[in-house]
Novice: 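Below: one structure in structure tokens.
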Amino acid sequence: MKLCRFDDNRLGVVEGDTIRDVSAALDVLPAYHYPLPKGDPLIANLAAVRARIDEIAGSAPTVALSGVRLLSPVANPSKIVAAPINYQAHIDLDLMDKEIAYKHEIAHISNAGLFLKSATSLVGAGEGVGIRFPDRRNDHEIELAVVIGSEARNVSEAAALDYVAGYAIGLDMTVRGPEDRSFRKSLDSYTVLGPWLTTRDEAPDPSNLALRLSVGDDVRQDANTNELVYPVPKLISLASAWYTLYPGDVLITGTPAGVGPVVDGDVMRCSIDGLGTMDVAVRNL
Ligand code: MN
């Protein structure tokens, strides 16, 4: 199932160029009391929501996909986990300006570990990226994004994919500069997730997906997830060994070679095999 959130927090099922508005299925979500449980309520209750969707989809109203504003398919992740330097060509080609010592002794994910981005940086394709510091270089990073489906703690690589709700395209936007990584990547709108969530049962094998990002006619990034230094199961296992993963947590898996700057007026066309294509506009704030 391809699940999207659109316009005024509507819930939709994507079928080709059409969206079935199944917002009524959200009525199965439990009534919450303070304090809220950790994680995203929709993803935590995805099985019940999907069962309700199956009941109502046939009579649900439809809208044209081209006419809606796509929001992040996950509204309330407890955290965004990100993998640095997870494609060797990205290290070799994009990070050549780093000191040799850094490149060879620290610049491996086994030493670097993972990092976190602010959950409030998350937006959908239709919201676009807002540049707060146009005098600095602002880079695109396309990444396969994994949405965690159930609470995961110390899971093995063999079992890791059982904890996945689905997959989407991720953009890990970055302000270049000397500050700490999470600081430069946590600005509002600097994580884009979309165009929708493709649930695990309908998603292709995450270990062999072509991903591509273009700006205008310029193909900037063109790679395959089979080049990941740490594949998806290893990333989930590693993350869950250090902290509990909750339903709706977003794991972005690292960017391949070809990161580059975007400026006001650019549109990033992002595609991943089987997960869709999204156009993301860049504007100065
Ligand atoms: Mn990244």
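Ligands are counted one by one from 1 in listed order, and the atoms in each one are counted from 1 as well.
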Novice: Suppose the cut-off is 2.8 Å; how many protein N/O/S atoms fall inside it around the Mn ion (ligand 1)?
Specialist: 3
Novice: Under 3.5 Å, side-chain donor or acceptor atoms of residues 117-124 against the rest of the protein: list the pairs with distances, not counting sequence neighbours.
Specialist:
| residue | atom | partner | partner atom | Å |
| --- | --- | --- | --- | --- |
| K117 | NZ | D172 | OD1 | 2.6 |
| K117 | NZ | K185 | O | 3.2 |
| K117 | NZ | Y190 | O | 2.7 |
| K117 | NZ | T191 | OG1 | 2.9 |
| S118 | OG | T120 | N | 3.1 |
| S118 | OG | T120 | OG1 | 2.6 |
| S121 | OG | S118 | O | 2.7 |
| S121 | OG | T191 | OG1 | 2.8 |

Novice: May I ask you to list the residues sharing a hydrophobic cluster with F6, side-chain cutoff 4.5 Å, ordered by chain and number?
Specialist: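 ILVMFWY cluster around F6 also holds V14, I19, V63, L65, V68, L70, W196.
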Novice: Check the side chains of T174 and R184 for a donor-acceptor pair under 3.5 angstrom, ignoring hydrogens and angles.
Specialist: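 No, because no side-chain N or O of R184 sits under 3.5 Å from a partner of the opposite role on T174.
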Novice: To the nearest 0.5 Å, tell me how far S72 OG sits from L193 CG.
Specialist: 4.5 Å
Novice: Donor-acceptor pairs under 3.5 Å, side chain of residues 248-276 to any protein atom, not counting sequence neighbours: which ones?
Specialist:
| residue | atom | partner | partner atom | Å |
| --- | --- | --- | --- | --- |
| D249 | OD1 | S78 | N | 3.1 |
| D249 | OD1 | S78 | OG | 2.5 |
| D249 | OD1 | K79 | N | 3.3 |
| D249 | OD2 | S78 | OG | 3.3 |
| D249 | OD2 | K79 | NZ | 2.7 |
| D249 | OD2 | Y246 | N | 3.0 |
| T253 | OG1 | L144 | O | 2.7 |
| T255 | OG1 | I142 | N | 3.3 |
| T255 | OG1 | I142 | O | 2.9 |
| T255 | OG1 | Q221 | NE2 | 2.9 |
| D264 | OD1 | N284 | N | 2.7 |
| D266 | OD2 | V263 | N | 2.9 |
| R269 | NE | D279 | OD1 | 2.7 |
| R269 | NH2 | D279 | OD1 | 3.4 |
| R269 | NH2 | D279 | OD2 | 2.7 |
| S271 | OG | T277 | OG1 | 2.9 |
| D273 | OD2 | A210 | N | 3.2 |

Novice: Supply the atom-to-atom distance R20 CZ to T18 OG1, rounded to the nearest 0.5 angstrom.
Specialist: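 Nearest 0.5 Å value for the CZ-OG1 distance: 8.0 Å.
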